[in-house]
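Computed over heavy atoms, backbone and side chain alike; hydrogens, waters and symmetry mates excluded.
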Amino acid sequence: MAIGSPFGDNFAHSVSFGIVSGKGRTVGILRLRQPDMKTSSRLMPPLIQATPETLINLDGQLVGVNTAIASRSGGNQGVGFAVPANLAQNIMNQLIETGQVQRGYLGITGDEIDRTMARALGLDKPQGVIVGGVVEDGPAAEAGLQEGDVIKTVNGQQIEGWTSFRTEIASKKPGDDVELGILRDGNEQTITVTLGELPDDMTASAGQDGGQQGAPDRNLEQSLGFNVQNLTPRIAEELNLSPDQNGVVVTGISQRSNAFQQGLREGDVITSVSKQQIENMNDFNEIMSQLVQEENQVVLLRILRQGNGLFIAFEL
């Protein structure tokens with residue numbers, strides 16, 4: 001049941017009822033491809049979907065706090081969301097104790113692992129999150145976490161996906177130690193990270209050498225469904241990257257291509273293909289040409305988007 005005053009005093013003390021129709025929903029944000037917990041406005045926890053936004057159950061126990069509705073017209077169309085009570089209580093306790101909310105900070109970019117990504121990584125099933133980039137001098141970097149690591153557990157608990165993972169990290173306090181069970185180069189290991197405090201301003205570092213030339217391969221572009229060109233210092237500056245950054249930039253992509261369906265977009269900078277570093281068009285053409293000649297291949301791209309690293313996998 002939901003109890004409240006939805007439209008001011010005229011509708012005070014209203015009561016409605018409904019059912020829980022989903023858990024772990026995210027609304028109002030994109031799939032997170034930015035550094036974890038970069039700003040508080042991006043920190044949307046997994047929400048309870050209910051009709052209405054559930055507040056209490058029939059035993060009088062608090063379930064969640066009404067938060068948002070999904071609407072195309074601006075009106076309530078019966079799809080509401082609530083912050084789970086345990087998360088709301090954690091925030092309440094911090095406000096009572098310290099007067100502010102502090103969130104644990106790991107310092108990585110990452111993404112969920114779907115079936116295609118799992119195949120590209122040689123995993124038996126899609127599980128965990130893949131580290132797309134590690135913020136320099138951040139808690140993860142100091143603990144030894146690396147780009148390409150697959151995080152499978154937090155404090156022994158299996159990770160369902162990126163959203164639940166970042167919410168779990170954010171629910172910790174700065175200074176807390178967390179044990180991350182990771183998979184690196186086929187070997188499982190455990191890394192202990194001492195979480196930091198969310199910085200006010202955070203940027204991802206980029207860059208090594210770059211700028212060598214190469215010609216586009218039109219047949220290859222047709223097979224892939226997207227076009228690339230060398231990353232020049234001018235383009236790098238426009239993308240807020242170091243002028244010395246290596247790689248190739250996606251200049252056009254078909255929405256019907258597998259790469260687009262898996263998340264590749266125009267403006268993405270490809271820095272590696274199937275874990276092989278890309279400095280320029282020559283590298284890209286050579287590696288991709290070999291892959292497209294083989295049957296049932298899956299390509300794993302490491303890209304930079306808005307300065308943040310992430311991985312994308314797609315079938316050829």
Could I get the full list of salt bridge (charged side-chain N to carboxylate O under 4.0 Å, His left out) partners for [X], not counting sequence neighbours?
X      : value
Glu188 : Lys152
Glu97  : Lys173
Lys275 : none

Single-linkage hydrophobic cluster Ile159~Leu195, side-chain heavy atoms < 4.5 angstrom: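 Yes.
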Flag side-chain contact, heavy atom, 4.5 Å: Phe314 against Val298: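 No. Closest side-chain heavy atoms not under 4.5 Å.
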Note, Thr271 side chain near Ile303 side chain (heavy atom, < 4.5 Å):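 No, their side chains stay 4.5 Å or more apart.
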Could you give the side-chain donor-acceptor pairs of residues 118-130 under 3.5 Å, partners two or more places apart or in another chain?
{"unit_1": "Arg119", "atom_1": "NH1", "unit_2": "Glu315", "atom_2": "OE2", "d": "3.3"}
{"unit_1": "Arg119", "atom_1": "NH2", "unit_2": "Asn296", "atom_2": "O", "d": "2.2"}

Who are the side chain to side chain donor-acceptor pair (under 3.5 Å) partners of [X], not counting sequence neighbours?
X      : value
Asn155 : none
Ser257 : none
Arg265 : none

Cluster companions of Ile96 among Ile, Leu, Val, Met, Phe, Trp, Tyr (side-chain spacing under 4.5 Å):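 Met92, which link up through side-chain heavy atoms under 4.5 Å apart, make up the rest of the cluster.
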Partners passing side chain to side chain contact (heavy atoms under 4.5 Å, CB included) against [X] (at least two apart in sequence or in another chain):
X      : result
Thr190 : Glu179
Leu291 : Val273, Ser274, Ile287, Met288, Gln297, Val299, Leu316
Asn86  : Pro84

Residue pairs passing the side-chain hydrogen bond (donor to acceptor under 3.5 Å, both in side chains) test where at least one lies in residues 137-149, sequence neighbours excluded: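 Found Glu147-Arg302, Asp149-Arg184.
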